[in-house]
Visitor: 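Have a look at this one before I ask anything.
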Amino acid sequence: MSKQRILSGMRPTGRLHLGHLVGALENWVRLQDQYECFYAIVDWHALTTDYDRTQGIRESILDNAMDWLATGLDPSRSTIFIQSRVVEHAELHVLLSMITPLGWLERVPTYKEQMTEITGRDLQTYGFLGYPLLQSADILIYKADAVPVGEDQVPHIELTREIARRFNHFYGDVFPEPQALLTKTPKLPGTDGRKMSKSYNNAIALTEKPDVMKQTVRMMVTDPARARRQDPGNPDICPVGDYHKVFSDEKRIAQVDQGCRSAGIGCIECKMWLFDSLQKRLGPIYERRQQIEARKSDVVDILNEGSKKAKAVASETMVEVREAMKI
Ligand code: SF4
C-alpha cells in the first residue's frame with residue numbers, strides 16, 4: 001500500500017530557533033518514516049506580512065534549508081522545495097479565489113489575531129487576507145492526505161476542506177479533503193518569559209554557537225521569588241524550568257524541581273545544567289550544520305531537485321483542475 005502524503009511549510013523570515021525545532025522540525029523528521037512528505041519553504045507566505053522588507057528572504061531560504069537538513073530532513077525520503085519555484089501554486093490560488101466567499105477568509109481566527117498582534121505594518125492587503133487560501137492551494141495541489149499542524153492552525157485545515165468540497169461540488173471530484181494531523185507542541189516561552197518572538201529578540205537560534213548560547217542561557221529570566229540564593233522558587237513559573245521540561249531527562253527535571261523548591265541549588269547551577277542538556281540535543285545538529293555549510297552548492301541542488309519533483313506533481317493536478325473547470 002502506498003504511503004499517505006503530507007505537506008507542511010515554513011516561512012523564510014530569519015534564522016530558525018528552538019521553537020521551530022520542538023514545534024515542527026523534530027516532528028517532520030519523525031513523519032518521514034510513515035508518510036510521503038512534501039516540505040516547502042513558503043517564500044510567498046513570507047511576503048504576506050513582510051512585503052516591504054524582502055531583502056532577507058533569499059538568504060533565509062538557504063539558511064533555513066541548511067537547518068532543516070542539519071535537523072535530519074532527508075532529501076532522499078522527503079521532497080524539500082521552494083514554493084515560488086512551483087508557480088502552479090499561484091495559478092491554483094487564483095482559481096480558488098474565484099469560488100471562495102470573503103466571509104470564509106474574514107472569519108479565520110488567526111487573521112483577526114495577527115491583525116492585532118503584528119504592529120507597525122499595514123496588513124489591510126489582499127495578500128494577508130488571502131494567506132489561508134494560498135495555504136489551501138499549497139495543500140490541495142499535492143492532494144495531501146494530511147497536514148501536520150498545531151491547535152491554532154486547525155481552522156486553516158477546516159477552510160481547506162471546505163474549499164475542496166466547494167470546488168468538487170462545482171466542477172467534479174478533484175480534491176481529497178485533507179485531515180489535520182494534530183501535533184502537541186510543548187510549552188517553550190522566550191528567554192525572558194514572554195511569548196517567543198523575533199520582535200522581542202528572546203529566542204535561541206537553533207544553530208547558535210555554543211559560547212553565545214551559554215551566555216544567553218545565563219541571562220535567562222528566572223522565578224522572581226528567588227531574589228536571594230536561599231529563597232525557594234517554583235520551576236513551573238520559570239522559563240528555565242520550562243526549558244528543562246523540554247530538553248532535560250527525567251532525572252534532571254526531578255533534580256531541578258526538588259533543588260529549586262528547597263533552595264538546594266542556585267539559579268546559575270540550574271542554568272548550566274540546562275546548557276548541558278541543550279548541548280546534548282543540539283550539539284549534533286550544530287556539527288551537521290557546519291558540515292552542510294561547507295557544501296552550500298549541494299543544498300542549492302537539493303532545493304532545485306525538490307522543486308522539480310514538486311512541480312511535476314503540481315502540474316499533473318493543474319491539468320485535472322483546468323479540465324474540470326473547462327478552461
Ligand atoms: S532554580 Fe532553576 S527553575 Fe528555579 S528559579 Fe532558578 S533557574 Fe528557575
Side-chain angles (χ1 to χ4, degrees), residues 10 13-30 67 70-72 113 117-119 150-153 182-290:
M10 218 177 259
T13 54
R15 287 182 83 182
L16 299 186
H17 53 63
L18 299 188
H20 294 110
L21 178 73
V22 301
L25 283 174
E26 287 183 330
N27 188 40
W28 288 9
V29 171
R30 279 192 294 271
D67 277 356
T71 306
E113 274 163 33
E117 254 177 42
I118 302 174
T119 51
E151 200 81 58
D152 59 328
Q153 292 279 313
L182 259 186
T183 314
K184 262 209 153 58
T185 313
K187 179 184 169 202
L188 199 67
T191 52
D192 57 1
R194 293 188 289 175
K195 185 179 169 184
M196 195 187 288
S197 160
K198 220 173 37 161
S199 50
Y200 295 153
N201 199 19
N202 63 359
I204 299 177
L206 172 56
T207 48
E208 194 56 274
K209 287 197 182 87
D211 54 331
V212 178
M213 189 178 293
K214 194 176 206 169
Q215 193 51 25
T216 308
V217 172
R218 263 180 189 280
M219 303 301 290
M220 281 178 78
V221 164
T222 58
D223 175 2
R226 296 210 67 187
R228 291 166 306 169
R229 170 68 178 75
Q230 63 270 34
D231 295 330
N234 178 357
D236 293 337
I237 54 167
C238 171
V240 180
D242 289 331
Y243 276 65
H244 270 297
K245 285 175 199 126
V246 176
F247 292 101
S248 295
D249 59 32
E250 279 180 19
K251 190 173 157 211
R252 183 63 90 199
I253 295 169
Q255 277 175 322
V256 169
D257 196 83
Q258 202 273 335
C260 179
R261 291 180 198 278
S262 63
I265 56 166
C267 288
I268 290 293
E269 188 178 8
C270 182
K271 287 173 172 178
M272 288 308 100
W273 284 351
L274 173 61
F275 174 69
D276 288 344
S277 299
L278 286 170
Q279 279 308 293
K280 257 191 210 139
R281 182 98 146 250
L282 303 173
I285 299 176
Y286 182 79
E287 295 296 320
R288 275 198 298 274
R289 164 84 195 211
Q290 299 305 304

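Counting begins at 1 with the first residue of the sequence. We count ligands from 1, going down the list as the structure has it; atoms in each ligand are counted the same way.
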Visitor: At a 4.0 Å threshold, what atoms of ligand 1 neighbour a non-hydrogen atom of Val240?
Guide: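 Once the distances to Val240 are compared, the set is 7 (S).
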Visitor: Below 4.0 angstrom from a heavy atom of Asp223, which ligand 1 atoms are there? Numbered from 1 as shown, please.
Guide: 5 (S)
Visitor: Would you say Cys260 has an N, O or S atom lying under 2.8 Å from atom 4 (Fe) of ligand 1?
Guide: yes
Visitor: Identify, for atom 1 (S) of ligand 1, the protein heavy atom at the shortest distance, and state residue, atom and that distance.
Guide: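 Protein heavy atom at minimum distance: Arg226 NH1, 3.2 Å.
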Visitor: Determine, stepwise, if the pair Asp192 / Asn202 fulfils side chain to side chain donor-acceptor pair (under 3.5 Å).
Guide: CA-CA 6 Å; Asp192 57 1; Asn202 63 359; 2.8 Å; yes
Visitor: Just checking: Cys267, one of its N/O/S atoms, less than 2.8 Å away from atom 8 (Fe) of ligand 1, yes or no?
Guide: no
Visitor: Give a yes or no on this: more than 12 heavy atoms of other residues, nucleotides or ligands lie within 6.0 Å of atom CG of Asp211.
Guide: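 Counting neighbours around CG of Asp211, more than 12 heavy atoms of other residues, nucleotides or ligands fall under 6.0 Å, so yes.
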Visitor: So which protein heavy atom does atom 2 (Fe) of ligand 1 come closest to, and at what separation?
Guide: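 Result for atom 2 (Fe) of ligand 1: Cys270 SG, 2.4 Å.
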Visitor: With a 6.0 Å cut-off (strictly less than), is the heavy-atom count around NZ of Lys214, excluding the residue itself, greater than 12?
Guide: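 Open: at most 12 neighbouring heavy atoms sit under 6.0 Å from NZ of Lys214.
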Visitor: So which heavy atom in the protein is nearest atom 8 (Fe) of ligand 1, and how far is it from that ligand atom?
Guide: Cys238 SG, 2.4 Å
Visitor: Flag the pair Lys251 and Asp249 as a salt bridge only when some basic side-chain nitrogen lies within less than 4.0 angstrom of an acidic carboxylate oxygen.
Guide: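 Between Asp249 and Lys251 there is no salt bridge, as every charged N stays at least 4.0 Å from the carboxylate O atoms.
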Visitor: Using a strict threshold of under 4.0 Å (side-chain N to carboxylate O), is an ion pair present between Asp257 and Arg261?
Guide: yes
Visitor: Salt bridge or not for Asp231 and Arg228, using N-O below 4.0 Å?
Guide: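 Yes, Asp231 and Arg228 are salt-bridged.
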